[in-house]
Structures are given as structure tokens and as C-alpha cells.
Amino acid sequence: MKKNSGDISAWYDFLTDMNETRFFDLMRLYAGEIKTPYNKQKLIETLTAFLHREENRRILFALLSQEDLILVAAVMYIPFCTKEKAAAFFGSRFSFAFLHDGFLNLEERLIIYRKKNHDGADETPAFYFDINPLLREDLEKRAPLSLLFSSYEGEENTEPPPVNPGPLVSAQILASWFAFIAEYPDCCRTDGSFKKKAAEMLEERFAGIPLDFLSALHKTLVNLSLFKHNGFSAEPDKAKRRSFAELPPLSRYAYICAAFCAACNAAFCGLVRRDVLQKNASFVLDIFAILKKGGASFCVSPSYILRLIFLLQEQKRYCVSGEKIAAKEGRLRRLFRENAVHNAESEALGGKEGSFNAENLLSAFIRFGILVPVSGKNLFAVNPVLFSDTHTAVSSRPENTSTEKIDQTTESKNAISIDAGFSVTFLREIPLPLFFDVTACMEIEFCGTVSRFRITRSACLRAFESGVSPDRFIDMLETLSSHSVPQNLRFSLHDWYTFYASASLFKGYVLQVAEDKRLQTENNPVLAGYIKVTLAPGIYLLDFSSDEEAADVIKKSGLSFIGRVKKFDTETESLPLSPLIQSRQSEDSPFDFLCGIPSCCSAETAETQIAETDADFRKRHIAAMEAEVKKKNLSKESEEALMLRIRRKTVLNAAQLSENSVRLEKNEASGMDFLGKIRIIETALACSDPIEAVYGEKTLYGYPAGLEKQSGDAFLIMHTADDAQTYKISVAQARLIRRKPSSVFSTR
């Protein structure tokens, strides 16, 4: 990668703006003694020349351990990387203290630097870590993105996924649940838990499916607005359900996972804004695209998925490609960022509806069968059904949302069996829209490996209300069955419909016209298609969705005598679920390394193996530099300071071991030197350096947490490194206070 002039300028600005004490300490470390008069710009050029020397670069890269390279990769691929973000990404793998020391050491070795953020946005940190632009090209070869996902906690696995993975939220389960809710709309309490009688029926009808799964599924579907609520009752929203059913399977799973995450952070029936839900579902769809690259044997630990989700969230949050952050913010990126800030503020005002964390998403993947456990290991495999031929269609345009509209006469034949008692057994999966349509006239009897429904009068009456006719229902049954529909069932369906049609209650637009205008109205080519029912001579029920549509149709019809709508009371229609568009970010790099899973994660690439093969060189180099120090007749303080530099791998050649390059500081005070001990503690607090305190017969070593000054004394609050306890020590009574300097970058 070519060096970006903006990056190099930022690196120079960082050195120029550095605290003078720290700046000269850094220059002495790499350039030796500084002679006056000095020119700061020339000193920076000297340091740059030091990094350009081939031998120095070779040793600098060879001294990088595997853990060093992992931290470098974190800085390279986590947008606006800070210690706090790195701690959130790595979780329990690295402690915060380790990350603190590790980043300080990489700064001191000139691998990374703290870059000032000029964006000025509230959601971005004031300072963040970035890669030294003089070294970026070589470091990108040694620290690829795959290092952040390198194998640990049992992630390496070459076994295939389970032969019989757990089911996804299948069409069968969804159709069964909607049939149950249609029959028992008040099965839940106000908190979302099932009533006692409902729980007993669920255990009987959904044997083998845990109640907590059904409860989570119901809350998820509620958050998708697939049910209308009237008091404590839930009624399926048929229009919204239809739009959900016609989505590609992967988009449906993405919406389900996104709605489940919202249900984890909200009260029961806490509906989520559509824009928030669509944004989160699109994010889940990108995760699916990345998981797909792993192939059939992609097995990962939970922590692997958490890191993947965290990294993609951060990259989407700041609208970056994953390769690097643009040095200069463009207009489009600024607009995206400002929109993200606006959304964040809106979500904050709206409570927790925008909450969407990695743990909840991982729980959704496991609960709904996206990830299935590998027997005997803390590993999960991607459900192979998820990326089968019938599930891989991902919508990129709204017109592609009908991917399940298949030739039902050929692919859905022999899917059901009907017995004499009107019991219907579903022998295999059918397209979800068809599943919803055909089960609208049925009640669920059993949901398991196969599902069994019963055609009942009450279910048919509900279906007739939604516009289903007996003939249409019979046609669906004929399509799915290999035999003709029994004659007694045909008779019952028509008899029930006659019973249903004996009285009608309408809601809509009523048009009344005079007798001399009836023929003109009924034969009008524009208006005739909107006449739904002729209630009486000259009185028509019209199928308009809004006043605007009514006015527009009447205007186009040319029937000026009708005039405006005199009375209206329309019902607001549910907006359909929007098609999801897969982000291009998940289609190409930076996650292309997943294509080689598990080989790519279980065995590092040739570049990353350099860190392991250079382990012997690191030992030899450190030993050789320590031997050079021993040859010199140095004071104890100077020798300790140079040895510390060697152990921190900041010494690349023997020329850096000059005693004149060491600026000796007073790092310990003892006995009656009360003010000296206070100054050392304050310096250690400012530098985040560890302290050694001799108090009575005890010697404590740890990090200072505070200094409480009182009349005649002061007390040091410190956390010890060995037993992780907190001690409060009288400074006046302490026999010795010694600071252990850690880095020239400690104070800033």
C-alpha cells in the first residue's frame, strides 16, 4: 500500500505537538544524546531516517511477537481504536492492564501513535491509535485481519457440522404458531408469559419444543408487528404476515434475529421503529453473508462470533470499508456520520428500542438454529440448511422479494394427507406464503417432525372474514394433495360459508346514485373495478384504500356528479416489511480470509508465522544487547534504565546503549523524605507507572489508584499485581517508595 501523504503529515504533527520532555526522551532513545542548539524538525527527520534504514526495520519487525501483531491488527482494523474498544473486542482474552502496557510499548517502539481526531463528532474519541505510516505497508503483510480471529478457546476444528442440526424457525413452526394464536389470541399475560391453561395446551401441541423458545418467538413476532393487539389479545396482521412470508428466507431470519434482540431489551409488546428494525436486520444479513464464506465445515466458538459482530458493528458505525479509515472525511461519509448521530439521538430518546448488542445476537443465532452446537465441544457450526439452495437467495432489489413463488403444482404436490376426520398432516415443508394461506382454515393439533392440523368451522369462519372462499381453499388442498378433496369436506366448507354469508357487516366507502345514473355508474370502465358489493339498487360498496384514492378515481371516471367524499373513516394499513439490501462490505475484503476456514484460522499464513519463527532471534538479540550493557562501566541507575529499554524491545542496535541517552530521574524516596515520596507517587499516578512500596515488614508492588492527603500525612491507595487487592498505605510511615518507569509515552 502506498504511503498516504495525509497519514505522514499526521505522524509529523504528532511528534511536533508532543510534550517536550517526552519528545526529547524519545529522541534520546533512538538518536542518542541531543546536542544544543537543536532544531526540532531536523530531529524528526533524524528519527524518520532511523526508521528508513533497512537493518533497523528488519530488527524492529523481527522483535514483534504474536501478541504484538494481534494488537497491531486491532489498531489497523478497529475504527478509531482505543484501549477501551480493544478491551471490549478481546473480552476475557486480554486484560485491560495488558492492553494498556501493550499499546504503550508499541507506541514507544514507534509502531503506533496517538492520532488526534479532527472529525469533531461526539461519538468518536478525541484521540485514537493509528499505525505509523512509515511502517504500514510492511505491517499489513504481517498483521492481516485474520489475526484478530486466530484460533484459541478451541476454535480450530476440521470436523464437519452435525449430521442432524437443529431446525431453523421453519415455515412449519411459523404457520403452526400463527394458527395457535388465531385460535387462542389471549394466551399471554401482560408480561408476555403464557397463562397456565395456554402453557398446558402448548406442551401438548408443541411437544418437544421448549416453552421459552415459543415465548421468545412470540415476542419476536410481536416486535415485527405481525400481530395486532386489542387489549390483551393478539390477532395476526394478515397483510404484514403476507409481506413477511414473501421475503427471501435469509431476510426472514435476519428480521427474526433483529426483532429478538429488540425483545431482549424491551417490555412485552414493545414495538420497534421500522427504520431501526430494518437497519439491524440488514446488519444481520451481512453477518450471514460472512458466515456463508466459511463453507460447510465452518465451526467457531461463541467468542469468535462476538468479535466478528463487534468489528462489523464498529466498521458500519463509522462507515468505513474495513481496510482503513479515510484520512480525510469526504462529503458522503460526513453525511452518513451525521445521519448515524441523528439516529443515535433518536434511539436515545426512544428508550432501548435501538439496543442491539453482540450477546443478544449470538443468543438469537443459537436459539433460532442459525448456529448449532458441535457435540462435546464449545463450538458451533453454521446450520447447513441456512445456505442450502432454497435459502441462499438474498434480496438486492425490491422486485426480487418473491423468490418463493414457485410452481406449486410440481414442487408442492403430495405435501399433505387428508383423512376422513378433516385432519391434515403436512409431510414436508412448503413455501411459507402457501403454508399461511392453507392453514388459515385450520387449527393446530400437533407440531413436530411432521405437523397435523384440523379443518374446523371456527377456523374457516375466521378465514372467510379475510376473503378466503371455499373454492379457493379447495383449490389449495387439491394442489398440495395427491388425492381429490373428500366430498364430505367440500359439503362442509360450502355449508359453513353459507352460514357465514347469511349476514354481513361492512366497513368502507358507500356510493349512492340516483336511478337514472345507475347504468352509467356500473358500466364506467374506471369505477366499475372498485365496486365490491351492490348492497341495494343504486347503493354500492367501493374498495378504496384512502380518500385520496377515492378522489383520484372519481376524477378519472369523469362522473362529476359524484362529487367529494362526504364521510370517511378509514383504517390505517400496516406497512410491509422492507426488503433487505446486503451491504457490499460483506461481499468483498476485508472478510475474504473466512473463505479458507478452518485452515485459515487454525494455521496462520506465511506472513504471520514470521512472528513465531523469529522467537529465537528475539532471545538472541535481547541477550546480545544485555551483554553489551554489561561490558560498559555504567552506574546502577543507568544500567537499569538501559536494561528496561532492552526488555521492552526498543533497542534495535548497540549504538542506542549510550549512557548519555539516559535521562536519570529520581524514582525513589525513603525514610523522612516525605515530600520526595509524595512527588514520586504523583509522577507514578500521572504516568500510570507501577510502584514498589516497603511498609513495615511488607513489600508491595502494584499500580497506584489515588493519593489522599490529610493533615500531617497522606495515604497511597494502590492495587497490588499479585493478589489483586487494594491497600491504603501511610506515606509518612512507608520506609521506601519506588517508581518503576514503564514508557516514555506514559505521561500525556
Problem - Full working for salt bridge (Lys or Arg N to Asp or Glu O under 4.0 Å) between Glu628 and Lys631 - result: CA-CA 5 Å; Glu628 287 291 328; Lys631 293 178 183 178; 3.6 Å; yes
Problem - For Ile131, all residues meeting side chain to side chain contact (heavy atoms under 4.5 Å, CB included), sequence neighbours excluded - result: Val72, Val75, Met76, Ile112, Arg136, Leu139
Please examine the side chains of [Y] and [X], heavy atoms only from C-beta on, and report whether any two atoms are closer than 4.5 Å.
{"X": "Ile111", "Y": "Leu71", "value": "no"}
{"X": "Leu104", "Y": "Glu107", "value": "yes"}
{"X": "Lys630", "Y": "Met643", "value": "yes"}
{"X": "Ile78", "Y": "Leu311", "value": "yes"}
{"X": "Tyr695", "Y": "Gln733", "value": "yes"}
{"X": "Phe90", "Y": "Ile70", "value": "yes"}

Handout entry: salt bridge (charged side-chain N to carboxylate O under 4.0 Å, His left out) involving Lys42 - partner list, sequence neighbours excluded
Key = none
So, for [X] and [Y], which heavy atoms are closest and what is the spacing to 0.1 Å?
{"X": "Leu110", "Y": "Asn132", "result": "O-ND2, 2.9 Å"}
{"X": "Pro144", "Y": "Ala73", "result": "O-CB, 4.0 Å"}
{"X": "Lys632", "Y": "Leu657", "result": "CE-O, 3.3 Å"}
{"X": "Val731", "Y": "Leu716", "result": "CG2-N, 4.0 Å"}
{"X": "Ile678", "Y": "Ala714", "result": "CD1-CB, 3.7 Å"}
{"X": "Asn653", "Y": "Met625", "result": "C-SD, 3.9 Å"}

Under 3.5 Å donor-acceptor, [X] side chain and [Y] backbone:
{"X": "Gln656", "Y": "Thr650", "value": "yes"}
{"X": "Arg618", "Y": "Leu64", "value": "yes"}
{"X": "Thr683", "Y": "Arg679", "value": "yes"}
{"X": "Lys85", "Y": "Pro79", "value": "yes"}
{"X": "Arg93", "Y": "Ser303", "value": "no"}
{"X": "Arg307", "Y": "Leu148", "value": "yes"}
{"X": "His52", "Y": "Leu134", "value": "no"}
{"X": "Arg735", "Y": "Gly696", "value": "yes"}

Nearest 0.5 Å please: distance from the [atom1] atom of [X] over to the [atom2] atom of [Y].
{"X": "Gln313", "Y": "Leu308", "atom1": "CD", "atom2": "CG", "answer": "10.0 Å"}
{"X": "Glu692", "Y": "Met718", "atom1": "CD", "atom2": "CE", "answer": "9.0 Å"}
{"X": "Asp673", "Y": "Ile737", "atom1": "CG", "atom2": "CD1", "answer": "11.0 Å"}
{"X": "Leu642", "Y": "Arg647", "atom1": "CG", "atom2": "CZ", "answer": "10.5 Å"}
{"X": "Glu45", "Y": "Asn39", "atom1": "CD", "atom2": "CG", "answer": "8.0 Å"}
{"X": "Ile309", "Y": "Phe89", "atom1": "CD1", "atom2": "CZ", "answer": "11.5 Å"}

Completion exercise
Which of Phe129, Phe103, Trp11 passes ring-ring contact (aromatic ring centres under 6.0 Å, His included) with Tyr113? Answer is Trp11
Practice task
Please indicate whether Asn633 has more than 12 foreign heavy atoms, meaning atoms of other residues, nucleotides or ligands, lying under 6.0 Å from its CG.
Solution key: no
Practice task
Quick one: do Asp25 and Leu29 satisfy side chain to side chain contact (heavy atoms under 4.5 Å, CB included)? Show the steps, please.
Solution key: CA-CA 6 Å; Asp25 283 345; Leu29 176 60; over 6 Å; no
Problem - By side chain to side chain donor-acceptor pair (under 3.5 Å) - contacts of Thr46 (at least two apart) - result: none
Handout entry: Test side chain to side chain donor-acceptor pair (under 3.5 Å) applied to Gln41 - qualifying residues, sequence neighbours left out
Key = none
Exercise for the section: Apply side-chain hydrogen bond (donor to acceptor under 3.5 Å, both in side chains) to the pair Ser65 and Asp68, showing each step before the final yes or no. Expected result: CA-CA 5 Å; Ser65 66; Asp68 291 334; 3.1 Å; yes
Practice task
Kindly indicate, with the supporting measurements, whether the criterion salt bridge (Lys or Arg N to Asp or Glu O under 4.0 Å) is fulfilled by Glu55 and Arg58.
Solution key: CA-CA 5 Å; Glu55 181 63 15; Arg58 184 185 68 81; 2.7 Å; yes
Problem - Ile305 and Leu361: CA distance, side-chain angles, deciding distance, side chain to side chain contact (heavy atoms under 4.5 Å, CB included) verdict - result: CA-CA 9 Å; Ile305 295 296; Leu361 185 53; over 6 Å; no
Exercise for the section: Could I get the full list of ring pair (Phe, Tyr, Trp, His ring centres under 6.0 Å) partners for Phe23, not counting sequence neighbours? Expected result: none
Exercise for the section: Sequence neighbours left out, what passes ring pair (Phe, Tyr, Trp, His ring centres under 6.0 Å) with Tyr12? Give chain and number order. Expected result: none
Problem - Pair Lys116 + Asp13, salt bridge at N-O below 4.0 Å - result: no
